[in-house]
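Down below is the structure, laid out as C-alpha cells.
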Amino acid sequence: MSAPLLSIADLKVRIRGNPQARLLRGVSLSIDRGETLAVVGESGCGKSLTSLAVMGLLPDGLEKSGGVIRFDGADLPVTDNEAMRKVRGRRIGMVFQEPMAALNPVFSIGDQVAEVIHEHEAVSHAAAMARVVDLLTQVQLPEPARIIHEYPHRLSGGQRQRVVIAMALACRPDLLIADEPTTALDVTVQAQIMRLLHDLQDDMGIAILLITHNLGLVAQMADRVAVMYAGRKVEEATTRMLFAAPQHPYTRGLLAATPRPGRRRPGEPPLTEIPGVVPAITEMPSGCRFRPRCMLASDICALEDPPFVDGVACHRAVSRELVP
Amino acid sequence: MTSSAMTSVATTSSAVTPVLSVRDLHCSFETTRGRVHAVKGVSLDLHPGETLALVGESGCGKTTLARCILGLQKPTSGKVLLDGNNLVGLSRREARRHRPRMQCVFQDPFASLNPRKRVEDLIREPLDVQGIGTAVERRRQVLELMERVGLRPDWGRRFPHEFSGGQRQRIGIARALSLRPAVLICDEPVSALDVSVQAQIVNLLWELQRDLGMSYLFITHDLMLVENFADRVAMMYQGQIVEEGPALDVWRNPQHAFTRSLIDAIPIPDPDVRLGSGRSAFAE
C-alpha cells in the first residue's frame with residue numbers, strides 16, 4: 001500500500017499564549033491520491049482551522065502546538081512561509097466560500113489567473129495568458145477570450161467561483177482544498193460547480209479535501225467522511241457506512257436534523273433537534289465535549305475524553321453498546 | 001408565461017378567507033441599465049394558520065415581493081390585502097395601525113438586531129412604539145416572550161453580541177411575536193444557521209404556529225426544507241409565480257421546468273439515493 005498523499009497526525013492548534021484554549025485537540029486525517037475526503041461539522045468545530053493549518057495560513061494569534069503534517073512523502077514546512085509559497089497554488093490548490101473575497105477587484109480575470117502561473121513557473125506572459133484561456137475553457141466559462149479582460153464585479157457568483165477554481169487548478173495541483181465552495185451559491189449553480197469539480201477530479205486525478213456542513217454534498221461527492229465536533233474528530237467512515245450506520249451520537253443527531261424527503265409526520269415537529277449549543281471555548285465541559293447535548297451520556301463521559309478507537313470517539317458508541 | 005402554467009389549488013383554499021392576499025403585484029426599478037421589472041404580476045393567498053413557502057433563487061424577486069408586502073417598498077401597481085384592507089398607498093400613520101397584525105423575521109440575526117440595545121429593550125421596542133400596556137405589563141410580557149422562544153429570562157440585560165446565531169434568531173422571533181401578529185413574514189430565517197440550530201428554529205416556529213395559530217409566509221431557497229415544513233409552496237422564477245400547490249405534491253410531481261431543475265440540483269443526504277438526472281447533481 002502506498003503512503004497517503006496528505007496525512008495529518010495529532011494536529012493541535014491553540015490560541016497563542018493561552019494553553020487552555022485548545023482549538024484543535026489532536027486531529028488526524030489522511031487523503032489518498034484521487035480521493036475525496038469530506039470534513040463535516042458545525043461552525044467552530046475546527047474544520048476550517050484544520051485546512052488553514054495545512055496551508056500554513058493560521059490567523060494571527062493562533063499557533064500550531066503539536067502534530068505532524070506530511071504531504072507526498074515529506075514533512076510539510078507549515079511554519080516556513082517562504083517554503084509554503086512554493087506549495088500553495090502549485091501542489092495544493094484552494095477554493096474558499098466567498099469567490100468575491102478571493103478575487104482582487106482591481107485586476108482583470110486574466111491577470112489574476114496568470115499571476116498564479118508566473119508565481120510558480122518561468123513562462124512568458126503570452127504563454128501564461130494562453131494557458132489562462134485553456135483553464136477558463138476547462139472550467140466551462142463562456143467566451144474565455146473575452147472574460148480574461150473582464151473584472152470580477154462583472155461576473156455572476158457562479159462564474160467567479162469558476163475563476164477561483166481555474167486559479168486553484170492552474171498549476172495542476174495534487175490536492176484541492178475546497179472550504180464550503182458552494183455555500184454562497186444557488187442550488188442549481190452549486191450542482192454545476194460540484195459536477196465540474198467531480199469531472200476535473202476524474203480527468204486530473206486530484207484529491208479533494210471538501211470542507212462543508214452540507215450532508216447532501218457529502219453524500220453525493222465524498223468517498224470518506226470525517227465528522228468533527230469542538231476541535232476533534234469524533235467519527236470517520238466511508239460515506240456509505242457513515243450514512244448507513246452512524247456511530248457517534250453527534251453524527252446521528254446531525255443526520256436526523258438534516259431535512260430529507262418523505263420524513264414528515266402529521267402533528268410532529270418537522271425536524272429532529274440536537275438540544276443545546278456548542279459550548280464556548282472557555283466553557284468546555286470535562287470529559288467528552290458533546291456530553292451536555294448527548295442523550296446517552298453516562299458517568300464515564302464526564303470523567304474521560306473518549307479515545308478515538310475503531311472510527312469513533314465515544315464511550316457510548318453504537319458498536320460498543322453491542323459488545324456484552 | 002401566463003396563469004395557465006400554474007397548477008390550481010383552488011379546491012383546497014377557496015372556502016376560507018385568506019388573512020393576507022396579494023393581487024397582481026408589480027414592482028419595477030429604474031437603473032442605469034434601464035428598467036428592471038423585479039415582480040411581474042404576483043397573486044398569492046395566505047390562509048389562517050398555514051405556512052406558505054415562497055421558493056426561488058437569488059434575483060427571482062422574492063425579497064422585493066416581501067418588501068412590498070411589508071410596506072418597505074412601494075409597488076408599481078397591485079394590492080396587498082391584510083384582513084381585507086389594502087395596504088398599498090396608505091400613509092405612514094395609517095400603515096402603522098395595521099402593522100401589529102403582520103411582523104417579520106429576517107435572515108441575518110447579526111445584522112437585524114441593534115447592537116447597542118439590550119435584549120429586553122429589543123423585544124419590548126414594538127410594544128413601546130405601539131403604546132401597548134403599562135411599563136410593568138410590558139416588562140412582564142417581555143419575560144413571557146423570552147421564555148416562549150427558549151431564552152433564559154435572566155439574559156434580558158445582555159447585548160446581542162453575547163449570543164450565538166441561533167439565540168439571536170430567537171430574539172428576533174420574540175420581537176416579532178410581541179405584538180401577537182396574525183402573519184409572520186420569514187425571510188430566509190434559517191439559511192445562515194448550522195443544521196442542528198436550523199432544526200431548533202424550524203421546530204420553534206412550528207410549535208409557535210401550533211399554539212398561536214399564526215400564518216407564515218416562509219421565503220427560502222431550500223426546497224427540501226420546504227418539503228419538511230410548509231403546507232403549500234409557491235415557486236417564483238423571474239418575477240412570477242410559475243407553480244403553486246401543496247408542498248408534498250410539488251416535490252413529488254413538479255409541473256414547471258424550473259421546479260424540476262431545482263429539485264434535480266438538490267443533493268440528497270443519502271449516498272444511495274440519486275434524484276432526477278441520476279447522481280443528480282454531479283456525476284453523469
Side-chain angles (χ1 to χ4, degrees), chain A residues 40-45 156-157 182 184-199 202 213-222 238-244 250 253-264 267-278 280 293, chain B residues 51 55-60 150 163-167 190-207 210 221-230 247-248 251-252 258 261-277 279-284:
Chain A
V40 297
E42 293 176 90
S43 324
C45 72
S156 70
T182 56
L185 305 175
D186 277 327
V187 63
T188 48
V189 182
Q190 165 173 282
Q192 293 163 8
I193 296 287
M194 296 314 287
R195 179 177 297 157
L196 174 68
L197 285 177
H198 189 275
D199 291 349
D202 276 356
H213 66 270
N214 183 335
L215 288 169
L217 287 186
V218 171
Q220 304 295 331
M221 275 294 279
T238 63
T239 304
R240 184 144 286 152
M241 277 308 287
L242 190 97
F243 282 82
Y250 176 64
L254 270 187
L255 287 168
T258 303
R260 67 182 62 204
R263 60 179 279 164
R264 192 138 86 162
E268 286 178 28
L271 300 172
T272 311
E273 303 172 28
I274 303 177
V277 294
V278 182
R293 304 176 74 184
Chain B
T51 297
V55 179
E57 304 214 294
S58 34
C60 75
F163 294 91
S164 68
Q167 286 166 334
V190 296
S191 49
L193 305 175
D194 275 318
V195 58
S196 74
V197 184
Q198 167 179 293
Q200 293 175 359
I201 298 296
V202 165
N203 285 359
L204 172 65
L205 287 170
W206 176 84
E207 205 180 288
R210 184 193 59 190
H221 63 274
D222 187 345
L223 195 54
M224 195 145 64
L225 176 62
V226 165
E227 198 264 3
N228 281 231
F229 176 56
L248 289 178
W251 177 269
R252 287 182 188 146
F258 165 67
S261 71
L262 204 61
I263 291 175
D264 276 354
I266 295 173
I268 301 297
D270 181 338
D272 292 322
V273 174
R274 309 276 183 251
L275 265 193
S277 49
R279 185 144 179 147
S280 66
F282 320 131
E284 298 299 336

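Note that the structure is predicted; figures quoted are calculated from it, not measured. Residue numbers begin at 1 in each chain, while the letters A, B, ... track the order of the sequences.
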Criterion side chain to side chain contact (heavy atoms under 4.5 Å, CB included) on A:H198 and A:M221, from CA distance to verdict:
CA-CA 8 Å; A:H198 189 275; A:M221 275 294 279; 4.3 Å; yes
Considering only heavy atoms from C-beta outward, does the side chain of B:V55 approach that of B:H221 to under 4.5 Å?
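Heavy-atom side-chain distance check fails, nothing below 4.5 Å.
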Examine whether an atom of A:V187 lies under 4.5 Å from a heavy atom of chain B, and if so say whether it belongs to the side chain, the backbone or both; otherwise answer neither.
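Both backbone and side chain of A:V187 come within 4.5 Å of chain B.
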Taking salt bridge (Lys or Arg N to Asp or Glu O under 4.0 Å) as the test, write out the residues that go with B:E207, two or more places apart.
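B:E207 satisfies salt bridge (Lys or Arg N to Asp or Glu O under 4.0 Å) with B:R148 only.
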May I ask you to name which of [options] has the most heavy-atom pairs under 4.5 Å with chain B?
options                        : value
A:A244, A:P270, A:A257, A:P275 : A:P270
A:T258, A:T188, A:I274, A:L215 : A:T188
A:G44, A:G276, A:A280          : A:G276

Identify the heavy atoms of B:E227 and A:G262 that sit nearest to each other, and give their distance.
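Taking B:E227 first and A:G262 second, the nearest heavy atoms are OE2-N, 3.2 Å.
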Which answer fits B:A230, side chain, backbone, both or neither, if we ask what part of it has an atom under 4.5 Å from a heavy atom of chain A?
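Backbone only.
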Mind running side chain to side chain contact (heavy atoms under 4.5 Å, CB included) on A:L255 and A:R260 for me, showing each step along the way?
CA-CA 9 Å; A:L255 287 168; A:R260 67 182 62 204; 4.1 Å; yes
Contact winner vs chain A - B:N203, B:V195, B:V202, heavy-atom pairs under 4.5 Å:
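Most pairs with chain A among the choices: B:N203.
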